[in-house]
Amino acid sequence: MIRTRFAPSPTGYLHLGGLRTALYTYLFAKKNGGKFILRIEDTDQEREVEGAVELIFQSLRQAGLHYDEGPDVGGAFGPYIQTQRKALYLPYAKQLVDSGAAYPCFCTREALAERRAKAEAETPGQWKYDKHCLRMSKEEARRRMDSGESFVIRQNIPLTGTASFEDALYGHVEAPCDTLDDNVLIKADGLPTYNFANVIDDHLMGITHVMRGTEYLSSTPKYNLLYAAFGWEAPVYMHLSPVMKDAGRKLSKRYGDPSFEDLLAQGYVRDAIINFIALLGWSPGDEREFFTLPELVEAFDVKGLSKAPAIFNTEKLVWFNHEYISRMDFEDYLQMATPWFDKALAGKNMDYRRLAQLMHTRTEVFDRVPDQVRFLAEVPEYDLDIYTHKKMKTDPEISLQVLELARPLLAALPNFAEETVKDALMQLAEAQELKTGQVMWPVRIALSGLASTPGGTTEIAYLLGQAESLRRIDAGMARLREGGR
RNA sequence: GGCUCCUUGGUCAAGUGGUUAAGACACCGCCCUUUCACGGCGGCUACAGGGGUUCGAAUCCCCUAGGAGUCACCA
């Protein structure tokens, strides 16, 4: 039985790199009929952010990545929060001490800092723990531990040889032992470090496949030494390349890059984000590009994972989002768009249903909607130049003539249905031997003040209504007369 | 700096010794059209560099360069 886990630290929102790791981990498990487990790695009490655990639950739920076992859903391998497993780790560490694979260390931070500074002065960048406490007798070590003195437990890395592991993506990875440090396994507060906790918990929880970021790639050989010391079988590792902001920098909240929650709030739809993220660093091998989550499960294959870092390209996300919104059921669109319409049009008597029809295929990201429809609330400042359009064969002079002719015609209409307005303007064009565009363009500009709008002249006229339309045409004529002088 | 890993167009990427080196986003042009968008058609741009191996290399080997990750009682 395949068992995978997503093991975030509760330090805040779920960032996009984390979301992708979670997604791939989920996909791999589901593709192979296995279990996807959520484990909270909160052994660093100082960095923990209040409420972050709930944020992780919420984000995963919103992403649709349902875990089979986890803190809030239970399971046979709990608890799934590491601080609640605290008592488990020390006995395993002691087992390693007994076998010589680890040892207690009583060096104070101050003493360490001092020796380190001295060593750095001679050979910069070469510092490793000097195995000072390894030379201590077992008896003394036991006595000092029993006396309540503060201590940590360190991994005893061999002085020679190499440590290695097989990565499902990167292949054989190995590192010379003499470049590896004797990292702390159990901290002075009794909690394990990541180095130790992930090994113990992955084993205890029966994890068969571990997917995680490449930041762990270079320390994984050390973890394998631990598995070997216990005589345990290590899981299969797949290290995932980072998601980059640009060629030189990882995506990170520190620099204001958006989290999953942020994107949702900006009006990106869940499925578009998932689809886009899935394709960032993974290829299905064929030319499909639209995938629902179940389709991703079906298509997912480790072979399609890329080893090189991928740059997060917002343009492409926007494109996916536009596609997903366009394909969305109209009623769903109307519902989602309404609060965004309200941001610009609150209080206006506006046919949102008609507006939504016009906006449905023109919405890229919802947070851009207010700006797109704001002209319906008020005509923006505009330059008279936009009355000039080469292809429409219009200029301010013709525009003024058209508006002067159209004004009484529109004022006389019994209603302002789109067809009514259209017929009137088309007849005007015919009667004056003008091109359709020569009539439509000036009227639309007067109505909107914009060179491009969602919907054309008649749709906008309808949305605005007769009174407001006439008012705007009057204002447009006034401006044209003024500008002509 | 040591160690580890990576390197196909601006971006995401297919490609695993023989291809006219796919496709998508972006960009540009044309068409459609009462604007924009949509849609249709077309175009631009790539195997980091240098050595090998081979009849033949984006694909295998070596070197160089560039980039990333890591070197915590953080994960």
Side-chain angles (χ1 to χ4, degrees), chain A residues 7-9 11 41-44 46-47 105 107 109 112 123-129 150-154 167 169-171 173-176 178-181 183-189 191-195 197-198 212-221 239 241-242 244 246-250 276 279-289 304 306-320 322 326 358-364 372 386 389 391-392 422 425-426 429 435-445 448 450-460:
Chain A
S9 291
T11 54
E41 308 228 331
D42 61 344
T43 56
D44 185 354
E46 287 180 18
R47 282 209 317 159
C105 169
C107 296
R109 289 171 195 266
L112 243 29
T123 50
Q126 301 295 306
W127 164 262
K128 292 194 321 177
Y129 179 66
S150 179
F151 68 96
V152 301
I153 292 179
R154 288 181 183 275
D167 189 279
L169 252 176
Y170 289 89
V173 176
E174 68 173 29
D178 62 5
T179 64
L180 270 22
D181 201 358
N183 290 111
V184 170
L185 265 21
I186 300 285
K187 298 183 279 188
D189 65 4
L191 282 166
T193 58
Y194 173 84
N195 301 314
N198 92 87
R212 59 173 32 156
T214 46
E215 62 266 32
Y216 300 107
L217 192 63
S218 51
S219 42
T220 301
H239 288 90
S241 59
M244 310 289 286
D246 52 47
R249 210 192 83 205
K250 248 169 98 167
F276 171 68
L279 263 18
L280 245 196
W282 175 75
S283 163
D286 57 27
E287 287 177 10
R288 289 174 69 196
E289 48 193 355
S306 163
K307 288 187 270 196
I311 296 173
F312 184 91
N313 179 213
T314 309
E315 296 275 356
K316 186 87 180 239
L317 206 214
V318 168
W319 177 79
F320 266 116
H322 183 201
S326 298
L358 298 174
M359 286 294 293
H360 192 175
T361 60
R362 285 171 238 252
T363 302
E364 294 185 309
Q372 285 176 278
I386 62 176
H389 191 288
K391 211 177 129 203
M392 295 300 117
K422 184 177 179 182
L425 293 176
M426 294 296 264
K435 286 187 54 174
T436 307
Q438 284 177 299
V439 173
M440 296 296 187
W441 183 271
V443 176
R444 195 179 56 78
I445 297 302
S448 70
L450 257 25
S452 74
T453 51
T457 309
T458 56
E459 290 90 344
I460 293 170

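Throughout, protein chains are lettered first and strands after them, A, B, ... in sequence-line order, and every chain is numbered starting at 1.
For S452(A) and rU35(B), a side-chain-to-base donor-acceptor distance below 3.5 Å is absent, hydrogens and geometry of angles not being considered. Below the 3.5 angstrom threshold, one finds no donor paired with an acceptor across the side chain of S219(A) and the base of rU70(B). Side-chain N/O atoms of K391(A) and base N/O atoms of rU33(B) include a donor-acceptor pair closer than 3.5 Å. Between the base of rA24(B) and the side chain of K316(A) there is a donor-acceptor pair shorter than 3.5 Å.
Counting only heavy atoms from C-beta on, M392(A) has its side chain closest to rU35(B) among rU4(B), rU35(B), rG69(B). Listed nucleotides rU34(B), rC73(B), rC6(B) differ in distance to Y170(A); the shortest reach to its side chain belongs to rC6(B).
Nucleic acid contact for E174(A): sugar-phosphate only, since backbone atoms but no base atoms lie under 4.0 Å from a heavy atom of the residue.
With both pairing distances under 3.5 Å, rC30(B) is matched to rG40(B) as a Watson-Crick or G-U wobble pair.
Along RNA chain B, the nucleotide nearest to N183(A) and the one nearest to D42(A) differ in position, and the one closer to the 5' end is contacted by N183(A).
Applying the 4.0 Å criterion to OP1 and OP2 of rC3(B), one finds that K128(A) has every side-chain N and O outside that range. Between rA75(B) and T43(A), a contact under 4.0 Å exists linking OP1 or OP2 to a side-chain N or O.
One can place CE of M244(A) at 13 Å from C1' of rC5(B), the figure rounded to the nearest angstrom. Nucleotide rC74(B) holds its C1' atom 13 Å from the CG atom of N198(A), rounded to whole Å. If you take CG of L217(A) and C1' of rC6(B), they are 10 Å apart, rounded to a whole angstrom.
Using cut-offs of 30° and 60° for the angle between ring planes, the H389(A) and W441(A) rings count as tilted.
Side chain of R47(A) to backbone of D42(A): no donor-acceptor contact under 3.5 angstrom is found.
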